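Read through the structure below, which is laid out as structure tokens, and then see the notes.
Values in this document were obtained by computation on a predicted structure and should not be read as measured data.
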Amino acid sequence: MKVAVLGAGVVGCATAYMLARNGHQVTVVDRRDRPGLETSFANGGLMTPSDASPWNSPGTVRQLGKMLFDHNPTLKINPSVIPSIVGWGLRFLANSTYERHKANMISNIRIARLSLEALRSIRQTAHLNYDQTTRGTMRVFPRGGRMTEFVQMCREMKQWGVQFEVLDQNQILEKEPCLGAVIDRYVGAVFFPDDESGDAHKFTNEIARLATELGVQLLLNTNILKIVNGSSSRISHLSTSRGDVSADVYVLSLGSYSPILARPLGISLPIIPVKGYSVTVALNGWKGGPTRPVMDDGYHAMMVPMGDRLRMGGRAEFAGYDTRVDEEEGWRVLDDIMKILPVLRSHIDANAVLNWSGLRAMTPGGPPLVGPTSYANLLLNTGHGPLGWTMACGSAKLISDLITHRQV
């Protein structure tokens, strides 16, 4: 079957690979000249079923209220975009009840765990180098924080397969001695042994390489102008800057831009872009940093080792489709990490950092949109929010299995 995948990010390329492995003839269409150059380029790098809890946990209204009056919030809301996100925001808040939040969290966990299983299966048959670590992740909690509440949530997640260990200060230092200078800040930590991490951009190019070896065509430098419907129930072709592209089935994996192309078809996707920030620094051979991803629950900041680099992130902004890099936000990310790892200051060139921002495609409930639409041959694989890298291989497998076994 001929399948056209719209988007060459980590989700689109993983989807193309899974489809080709199942024997389909696949074309990937993307406006950039290489895979993974947008939201997949410098994201946090985490593959974390442990982080499956959607942002709209019970009590969200109170937390958002505090953020609006915080002079240095980790989640900003640009006033200019408020009118355009009111409807989405009401649905976001409606999903913050205990029952809905739990159901959405379980859905995320299932896709995330499937994704890790699929990735590990790929690694068994193909050599992949994407600066991966398989040493788990650790979330540390400051005194007076929400550790008790978080551990209770972990107990709920455990019945869905998320393993965890509660650590005291000594156990934190056993795993990450680099936190010794600030250990008195923390009351404890939670360690997730099954989590992984890696450079999503490198992985996207690796999985795209494997896909092309299976015959996938990458149609890059190609703008998708319109998804053309031949009838009320089927897509006819894609209108692109390089001519029409026809297929039997189409998979929409354009992240935050998916609603723009779906809207003329009468499909309203509940997705809005949320800008995420990251900073990456070269470690220049220094080995004194973390050996696994560490998240500080107080600063809402993370540091993720990637080979001889350290990636840091934790800030987000509702800013519409504004993709400009705000270097001040990058410096705030770096400043937060310096408070967690003060020794880092003497081992990096702060003037040679990579500041980056990308748009996360957020749904109001949290889980991505994976599955059929009102058009028989158009499927969705989009809206993964901050878990795109975590869920990429899992949602790709779901779509591939759906196309293969249903023969849409």
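For Lys397 and Asp401, the salt-bridge test passes: some basic side-chain N is under 4.0 Å from an acidic carboxylate O. Under a 4.0 Å N-O distance rule, the pair Glu329/Arg324 does not qualify as a salt bridge. One finds a salt bridge joining Arg209 and Glu213 here, because a Lys/Arg side-chain nitrogen approaches an Asp/Glu carboxylate oxygen to under 4.0 Å. Remark: Arg139 does not engage Asp296 in a salt bridge, criterion side-chain N to carboxylate O under 4.0 Å.
A side chain to side chain contact (heavy atoms under 4.5 Å, CB included) with Val11 is found for one member of Cys393, Pro368, Ser253 and no other, namely Ser253.
Remark: side-chain polar atoms of Ser115 are paired, donor with acceptor, to backbone N or O of Thr390 under 3.5 angstrom. Panel note: side chain Asn377, backbone Asp248; a donor-acceptor pair is recorded below 3.5 Å. Using modelled atom types, one side-chain atom of Ser40 and one backbone atom of Val10 make a donor-acceptor pair closer than 3.5 Å. The backbone N or O of Lys175 lies less than 3.5 Å from a partner atom in the side chain of Arg292, making a donor-acceptor pair. Under a 3.5 Å cut-off, the side chain of Thr373 and the backbone N or O of Tyr375 do form a donor-acceptor pair. With hydrogens and angles disregarded, no donor-acceptor distance shorter than 3.5 Å links the side chain of Ser278 to the backbone of Arg311.
Within the cation-pi definition used here (under 6.0 Å to the ring centroid, within 45° of the axis), Lys76 does not qualify as a partner of Phe318. In this structure, Arg31 satisfies the cation-pi test against Tyr257, with its NZ or CZ atom closer than 6.0 Å to the six-membered ring centre and inside 45 degrees of the ring normal.
Side-chain contact between Asn223 and Thr240: absent, with no pair of heavy atoms (C-beta onward) separated by less than 4.5 Å. The shortest side-chain heavy-atom distance between Gln132 and Arg123 falls under the 4.5 Å cut-off. Ile82 has its side chain within reach of Ile77: a pair of non-hydrogen atoms, C-beta onward, lies under 4.5 Å apart.
For the residue pair His101 / Ser96, no side-chain donor-acceptor distance below 3.5 Å is found, with atom types taken as modelled. In this model, no donor atom of one side chain and acceptor atom of the other lie less than 3.5 Å apart for Asp195 and Thr48. For the residue pair Arg135 / Thr291, a side-chain donor-acceptor distance below 3.5 Å is found, with atom types taken as modelled.
Ring centroids of Trp55 and Phe92 are separated by 6.0 Å or more, keeping the two rings apart. Taking the six-membered ring for Trp and the full ring otherwise, Phe141 and Phe150 have centroids separated by under 6.0 Å. Checked against a 6.0 Å centroid threshold, the rings of Trp389 and Tyr130 count as neighbours.
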